[in-house]
Amino acid sequence: MPRFSNNIIFDLDHLHSVVGHFADRDAFAFDVETFGPNRGVAHLAPVSWLSMATEGAAIVIPMGHPNGDRLISRATRKKNKDTNKFDQIPAVWAAPPPQLRPSQVWPVLEPLFFSDRLKIAHNATFDLVTVAKYFNDTPPCAPYADTIVQSWLLDENRKSQGLKEITKDYWGHDYDDEHVGRQVEIHPFSKVARYAYLDAKYTWLHWRRFDALLQAEGLDQIMGLEMDVLKVLTKMRLRGAKVDADTLEGLYSQFTEELVEVEGKVYGAAGARFNINSVPQKQKLLYGPKADGGQGLRPLKKTDSGNPSTDAESLEAHPENALASALLEYADVDKMLNTYVLGYMGEEGNPKKPCRIYDGRIHADFVQYGTVTGRFSCREPNLQNIPRPDTDKGKQLRGLFMADRGEKLIVADYGQIELVVLAHYSQAAALVDGFNNGIDAHTMTAAKVFGVDFDEVTKAMRSAAKGINFAVVYGAGPEKVAAMASTSVKEAKGFLKVHQQEFPEIYRFKDAVLRTARTRKPPHIRTLLGRKRRLPGLNYSQKDARGYAERQAVNSLIQGSAADLIKLAMVRLDKALPEGMDLLLTVHDELVTSAPADRADEAEAIVRDAMLGEGISKLLSVPMTIDLKVVDKWAEAK
DNA sequence: CGCGATCGCGCC
DNA sequence: AAAGGGCGCGATCGCG
């Protein structure tokens with residue numbers, strides 16, 4: 001095989017011989033180029049290029065690229081007389097060279113992609129799910145390595161973990177100034193060939209480099225967990241979560257109607273029509289002098305740029321004002337309709353708002369490298385911020401996510417996972433005792449802070465204690481605690497002082513975390529399973545900047561350890577689930593699994609063991625708990 | 001017209 | 001710069 005020369009495969013004999021060479025190696029990197037309107041939707045995107053690389057060699061396989069290299073007419077913009085907008089006229093290229101067809105290529109690759117060789121990709125879930133459609137919706141099998149996850153474990157604070165960015169940073173090579181990968185089908189053949197080849201080549205080079213760095217930093221264990229997680233995420237993405245499309249249509253009508261009605265209320269109260277979503281206009285109308293048509297209200301707080309805030313908290317401070325109340329109503333309906341209902345349905349003819357439901361299911365992208373703490377993020381759409389079923393609309397929206405016919409959802413979430421982790425690390429006696437005796441953590445905190453028995457804790461006391469516990473985990477000050485407990489700042493200071501007396505171990509723990517973290521180079525914490533969060537700010541000389549880093553450090557240890565635990569639970573669950581049962585969603589401390597209705601009991605036991613069994617519980621000195629419900633709709637849990 | 005910043009808000 | 005940690009997304013607005 002040639003050394004990293006641009007080796008393009010045009011015929012089956014060549015393909016066979018190349019695949020044979022790759023099969024002789026333990027590991028290879030691969031990358032797909034997709035095209036067409038669904039090029040970014042992994043489970044739909046058709047592949048026009050596959051590139052592969054291993055030690056000293058890389059190849060590209062074109063299979064349907066539409067362009068040759070000779071330019072016939074360049075891209076232009078033309079004014080459309082009807083729409084009065086510019087139409088993009090793409091460049092026209094000479095005919096492409098004859099290429100292998102996908103139906104010829106993939107069967108030859110099958111033995112390699114389903115072998116025990118290590119398959120390496122950058123953002124591997126995308127490539128694996130993309131390739132799956134050529135193999136009966138089955139993704140290539142493990143073992144996997146993902147250079148985007150490696151890059152993230154090595155530097156979680158990096159702005160972008162994209163292949164182009166890290167290649168520039170680590171190798172000093174900027175090879176995609178023309179953004180060829182964004183839309184390969186508008187570029188000439190040779191340019192795309194070179195691009196695809198470099199993607200695979202650098203994926204390989206990054207893997208080698210990162211693998212050594214991860215070992216050197218003691219991050220190989222957590223990388224192992226993440227690669228097990230990757231397999232689970234690939235299955236989740238392929239499966240998707242079923243949504244009730246008919247009910248969704250109904251919600252569209254209902255919310256649209258309601259929005260029009262509330263809009264009328266807003267304009268009535270304002271005395272005129274205006275751009276109802278414009279923050280500057282709302283500021284004028286709410287806080288401007290009455291002489292100018294404003295309401296003359298007193299602002300509660302300011303935005304970052306110094307203007308009076310129009311957020312819900314500010315509007316709620318004026319319950320007697322009709323405009324403020326109407327705007328609150330409007331914002332709620334607007335959010336539900338535009339972010340959720342239309343976010344899933346999409347808008348006809350709006351490429352920025354595509355329909356997210358494909359086969360009756362939403363195939364969200366749980367982003368493994370999406371946070372600095374180790375949690376997942378989720379996008380297109382985000383299924384981790386669906387309204388809770390506490391309100392009518394929340395119930396309706398969460399109720400869209402339902403079990404398939406003849407199936408049930410098993411919804412399980414960890415109880416107070418962050419406080420359990422805090423108890424484990426701090427060994428705060430009161431907290432540990434509370435968890436050992438199955439007492440609600442906020443009630444326990446309230447009893448200690450207010451000096452009463454557990455059964456004497458009132459709602460208000462528990463609510464204040466909840467605020468205090470949040471303050472501990474997030475590092476909030478007395479002002480925030482006061483706001484949460486709706487008391488004075490002075491009283492909140494008192495609460496925090498008593499808390500410190502009753503839970504001294506927590507404060508000693510925090511100090512110890514920071515002391516240790518500061519001595520490391522660079523300053524960082526390590527979570528329960530060894531994940532790093534680097535916090536250079538811990539050594540800043542400026543007090544408030546350092547304080548911010550200190551809050552992040554403590555929170556990252558707790559939040560990141562909780563993330564480690566649920567990731568481990570996901571891997572255990574996926575391994576234990578038999579055919580026909582699937583993990584669908586993961587929401588920080590919650591897992592949603594589907595199973596045949598007549599096997600719900602079996603599924604429940606599997607979920608319980610995955611989340612609480614020996615392999616998990618041994619990691620903490622405090623007992624974990626879960627709240628588990630078997631339901632038809634997600635909204636019915638809780 | 002595309003892009004980033006800002007504001008605001010849904011979740012854990 | 002930041003005294004509540006972590007996200008993604010929609011609408012607006014100003015910039016190039």
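Letters A, B, ... mirror the listed sequences (proteins, then strands); counts begin at 1. Just so you know, these numbers use all the heavy atoms, side chains as well, and skip hydrogens, waters and symmetry mates.
- As judged by a 4.0 angstrom heavy-atom cut-off over every strand, Glu418(A) is placed among residues making no nucleic acid contact.
- Between the CG atom of Asn157(A) and the P atom of dC7(C) there is a distance of 9 Å, rounded to whole Å.
- Between Glu380(A) atom CD and dC7(C) atom P the separation is 18 Å, expressed in whole Å.
- Lys633(A) NZ to Phe401(A) CZ: the interatomic distance, rounded to the nearest 0.5 Å, is 12.5 Å.
- Comparing dC11(B), dC7(C), dG10(B) by their nearest atom to the side chain of Ser377(A) picks out dC7(C).
- Minimum atom distance to the side chain of Ala545(A) is reached by dA2(C), of the listed dG6(C), dG10(B), dA2(C).
- Remark: the separation of the C1' atoms in dA5(B) and dA1(C) is 16 Å, to the nearest Å.
- A residue-by-residue look at Lys335(A) and Lys352(A) shows that Lys352(A) has its nearest nucleotide of DNA chain B further toward the 5' end.
- The side-chain heavy atoms of Asp365(A) and Phe126(A), taken from C-beta on, include no pair separated by under 4.5 Å.
- Taking only distance into account, the side chain of Arg375(A) meets the base of dC12(B) through a donor-acceptor pair shorter than 3.5 Å.
- The residue Glu590(A) sits apart from the nucleic acid: no heavy atom pair falls under 4.0 Å.
- Using a 4.0 Å heavy-atom criterion, one finds that Asn307(A) contacts no nucleic acid atom at all.
- Separation of the C1' atoms belonging to dC9(B) and dG4(C) is 16 Å when rounded to the nearest angstrom.
- Not one side-chain nitrogen or oxygen of Ser305(A) sits closer than 4.0 Å to the OP1 or OP2 atom of dT6(B).
- Heavy atoms of Val372(A) sit under 4.0 angstrom from primed sugar atoms or phosphate atoms, though from no base atom.
- In terms of phosphate contacts, Tyr548(A) brings a side-chain nitrogen or oxygen within less than 4.0 Å of OP1 or OP2 of dG6(C).
- Backbone-only contact: Ala312(A) has heavy atoms under 4.0 Å from sugar-phosphate atoms and none from a base.
- Classification of Glu226(A) and Lys567(A) as a salt-bridged pair holds, one side-chain N sitting under 4.0 Å from a carboxylate O.
- The phosphate of dG8(B) (OP1 or OP2) has no side-chain N or O of Thr303(A) nearer than 4.0 angstrom.
- Between Gln542(A) and the phosphate of dA2(C), there is no side-chain N or O to OP1/OP2 separation shorter than 4.0 Å.
- Residue Ser556(A) is classed as having no contact, given no heavy-atom separation below 4.0 Å to the nucleic acid.
- Taking side-chain N and O atoms only, Asn338(A) has no distance below 4.0 Å to OP1 or OP2 of dC9(C).
- Between Trp152(A) atom CH2 and dC7(C) atom P the separation is 10 Å, expressed in whole Å.
- Proximity of Ser309(A) to the phosphate of dG8(B): a side-chain N or O atom is located under 4.0 Å from OP1 or OP2.
- Contact annotation: side chain of Asn382(A) to base of dG8(C), donor-acceptor pair absent below 3.5 Å.
- Side-chain contact between Lys629(A) and Glu636(A): absent, with no pair of heavy atoms (C-beta onward) separated by less than 4.5 Å.
- Within 4.0 Å of Gln559(A), counting heavy atoms only, lies at least one base atom of the nucleic acid.
- Within 4.0 Å of Arg546(A), counting heavy atoms only, lies no atom of the nucleic acid at all.
- With hydrogens and angles ignored, no donor-acceptor pair closer than 3.5 Å exists between the side chain of Arg551(A) and the base of dA2(C).
- Taking the six-membered ring for Trp and thresholds of 30 and 60 degrees, His43(A) and His363(A) have nearly parallel ring planes, at less than 30 degrees apart.
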Check nucleotides 13-16 of chain C for protein N or O atoms closer than 3.5 Å to its own N or O atoms and list the pairs.
unit_1  : atom_1 : unit_2    : atom_2 : d
dC13(C) : OP1    : Ser278(A) : OG     : 2.6

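- Distance, Tyr414(A) OH to dC11(B) C1': 19 Å, rounded to whole Å.
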Given side chain to side chain donor-acceptor pair (under 3.5 Å), test Asn307(A) with Gln283(A) step by step and report yes or no.
CA-CA 8 Å; Asn307(A) 294 311; Gln283(A) 285 163 345; 4.6 Å; no
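- Ionic pairing of Asp440(A) and Arg462(A) is present here: one or more N-O contacts between side-chain nitrogen and carboxylate oxygen are shorter than 4.0 angstrom.
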Could you go through the salt bridge (charged side-chain N to carboxylate O under 4.0 Å, His left out) check for Arg182(A) and Asp176(A) one step at a time?
CA-CA 10 Å; Arg182(A) 214 130 74 182; Asp176(A) 189 31; over 6 Å; no
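- The side chain of Arg388(A) places an N or O atom within less than 4.0 Å of a non-bridging phosphate oxygen (OP1 or OP2) of dC12(B).
- Aromatic ring pairs are classed by plane angle as parallel below 30°, tilted from 30° to 60° and perpendicular above 60°; the pair Phe503(A) and His499(A) is parallel.
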